[in-house]
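Report on one structure; see the data block that follows.
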Amino acid sequence: MDLNYFYTFKEVAKWGSYTKTGEKLGYAQSSVTTQIKKLEDHYNVKLFERVGRKMRLTQSGEELYFYVEKILALVDEAEERISKESNLRGTLRVGTVESLAAYFITPYIKDLKEKHPELKILLESGLCPNLKEGTLEGKFDLSIILDRLTQHTELTTIPIRQEKLVMIASPNHRLRSMSLMNLKELESETLILTEEGCSYRVLLEQLLKEEQVQAKSVISFSSLEAIKQCVADDLGIAIMPEIAVRKDIESGNIIELPFNHEKIPVFTQIVYQKKKWLTPPITQLISSLTS
């Protein structure tokens, strides 16, 4: 079996398109079709089905995808471990949350890339539970998450720093002059929150439940920029990491309300499998993030 078929298979699953896969890999569409057909003939199953304009994995395709990810991860690890230039080549897969990807780790990724131009760095954002699961499954070499300190028997956790959460509002909001905001004030407010499953949304919702506080209404967005714009337009208030809104507060576009967040502490932290072999690039990234 040609390993290139597995790489092609994984890209088709990612993009849902033979044409897009061909563009990404530098193949003609016919070559992509041929490689997938050879895989299907080899396993005697149908791997993809067309749904609308997209190619979607069949049940057999999903089962193969599970093993393909493990196979390709082992192939990359072997190349990195055996090669004399292991610190210059290979692929580094990093999972993180949107706020950290946009406002924290970019300089560290850039520095690592400049030191190792041949290193392929794949950065993917997601929700903390999915990132932890992806790390356990080997989808990510490590994840940089924003959550309560992670405790897991199969994961190593390295805290980087505690992050400040801030409650933000429009500059003319009625609560702007308060010295300390009572959570009961939220009962007459619209909360603009990140998508369900986001760590600090979950923690805030737990706190409100404990205090028996229910906001007047809730609006959800997956985009941090959309949330900030809605807050600036006085559609509601939101809670976000301070690093994500620092410039907006400094510019006067939004304001920080006097909200005490000590009951919902969150930390920027690195997690990776305890059994993970740490390549030089992984070690260097961890070192730069924690120094």
- Task: Please report the C-alpha distance between Phe267 and Asp147 in whole Å, then the side-chain angles of each, then the deciding distance to 0.1 Å, and finally whether the side-chain contact (heavy atoms from CB on, under 4.5 Å) criterion is met.
- Result: CA-CA 5 Å; Phe267 295 82; Asp147 202 350; over 6 Å; no
- Arg246 side chain to Glu242 main-chain N or O, any donor-acceptor pair under 3.5 Å? no
- Message: I'd like to know if Lys70 pairs up with Glu137 as an ion pair, taking the criterion as any Lys NZ or Arg NE/NH1/NH2 lying under 4.0 Å from an Asp or Glu carboxylate oxygen.
- Response: no
- Using a cut-off of 6.0 Å, state whether more than 12 heavy atoms not belonging to Lys274 lie near its atom NZ. yes
- Answer with yes or no whether the side chains of Gln35 and Thr8 bring together a donor and an acceptor at under 3.5 Å. yes
- Message: Between Arg161 and Glu163, does any side-chain N to carboxylate O distance fall below 4.0 Å?
- Response: yes
- Query: Does Ile121 offer a backbone N or O that forms a donor-acceptor pair with the side chain of Thr91 under 3.5 Å?
  - Reply: no
- Looking at Glu250 and Lys247, does any basic side-chain N land under 4.0 Å from a carboxylate oxygen? no
- Ionic contact status for Lys184 with Glu211, cut-off 4.0 Å: no
- Message: If the threshold is 4.0 Å, N to carboxylate O, is there a salt bridge linking Lys228 and Glu225?
- Response: yes
- Would the number of heavy atoms belonging to other residues, nucleotides or ligands and lying under 6.0 Å from CD of Glu114 be above 12? yes
- Would a distance-only check, ignoring hydrogens and angles, find a side-chain to backbone donor-acceptor pair under 3.5 Å from Thr135 to Leu131? yes
- Query: Do you know the tightest heavy-atom contact between Arg148 and Gln206?
  - Reply: NH1-OE1, 4.0 Å
- Item | Among Thr190, Leu186, Ile192, the one residue meeting side chain to side chain contact (heavy atoms under 4.5 Å, CB included) with Ile237 | Leu186
- Item | Other residues, nucleotides, ligands: >12 heavy atoms within 6.0 Å of Asp233 CG | yes
- Side chain of His116, backbone of Glu118: donor and acceptor closer than 3.5 Å? no
- Message: Would you say that Leu92 contacts Ile282 through its side chain, given a criterion of any heavy-atom pair below 4.5 Å between the two side chains?
- Response: yes
- Message: Would you say that Gln284 contacts Lys115 through its side chain, given a criterion of any heavy-atom pair below 4.5 Å between the two side chains?
- Response: yes
- Item | Short N-O contact, Glu49 and Arg56, less than 4.0 angstrom | yes
- So do Thr96 and Ile145 actually touch side chain to side chain, heavy atoms under 4.5 Å? no
- Given Cys128, which of Val266, Val271, Val97 fulfils the side chain to side chain contact (heavy atoms under 4.5 Å, CB included) condition? Val97
- Heavy-atom closest pair (Ala73 atom, Gly138 atom, distance to 0.1 Å) is CB-O, 4.5 Å
- Message: Looking only at the side chains, is there a donor atom on one of His152 and Gln273 sitting less than 3.5 Å from an acceptor on the other?
- Response: no
- Query: Quick one: are Met55 and Ser17 in side-chain contact, heavy atoms under 4.5 Å?
  - Reply: no
- Message: So for atom CD, which belongs to Gln162, do other residues, nucleotides or ligands contribute more than 12 heavy atoms lying within a distance under 6.0 Å?
- Response: yes
- Could you walk me through whether Ile239 and Ile168 pass the side-chain contact (heavy atoms from CB on, under 4.5 Å) test, one step at a time? CA-CA 6 Å; Ile239 185 170; Ile168 56 174; over 6 Å; no
- Task: Flag the pair Val45 / Glu40 as yes when at least one side-chain heavy-atom distance between them is below 4.5 Å, and no otherwise.
- Result: no
- Might you work through the side-chain hydrogen bond (donor to acceptor under 3.5 Å, both in side chains) test for Glu195 and Ser220, ending with a clear yes or no? CA-CA 6 Å; Glu195 58 190 316; Ser220 296; over 6 Å; no
- Query: Does the side chain of Leu193 come within less than 4.5 Å of Glu205's, by heavy atoms?
  - Reply: yes
- Task: For the pair Gln269 (side chain) and Thr150 (backbone), establish whether a donor and an acceptor sit closer than 3.5 Å, ignoring hydrogens and angles.
- Result: yes
- Verify the neighbour count for atom NZ of Lys132: are there more than 12 heavy atoms of other residues, nucleotides or ligands below 6.0 Å? yes
- How about Tyr272 and Phe140: are their ring centroids closer than 6.0 Å? no
- Task: Indicate whether the side chain of Ser251 and that of Asn253 have a donor and an acceptor atom separated by less than 3.5 Å.
- Result: no
- With Cys198 via side-chain contact (heavy atoms from CB on, under 4.5 Å) - residues at least two apart: Leu127, Thr194, Tyr200, Arg201
- Modelled atom types, side-chain donor and acceptor of Ser188 and Arg174, under 3.5 Å: yes
- Item | Side-chain ion pair, Asp2 and Lys38, N-O less than 4.0 Å | no
- Carboxylate-amine/guanidinium proximity below 4.0 Å for Glu256 and Lys164: yes
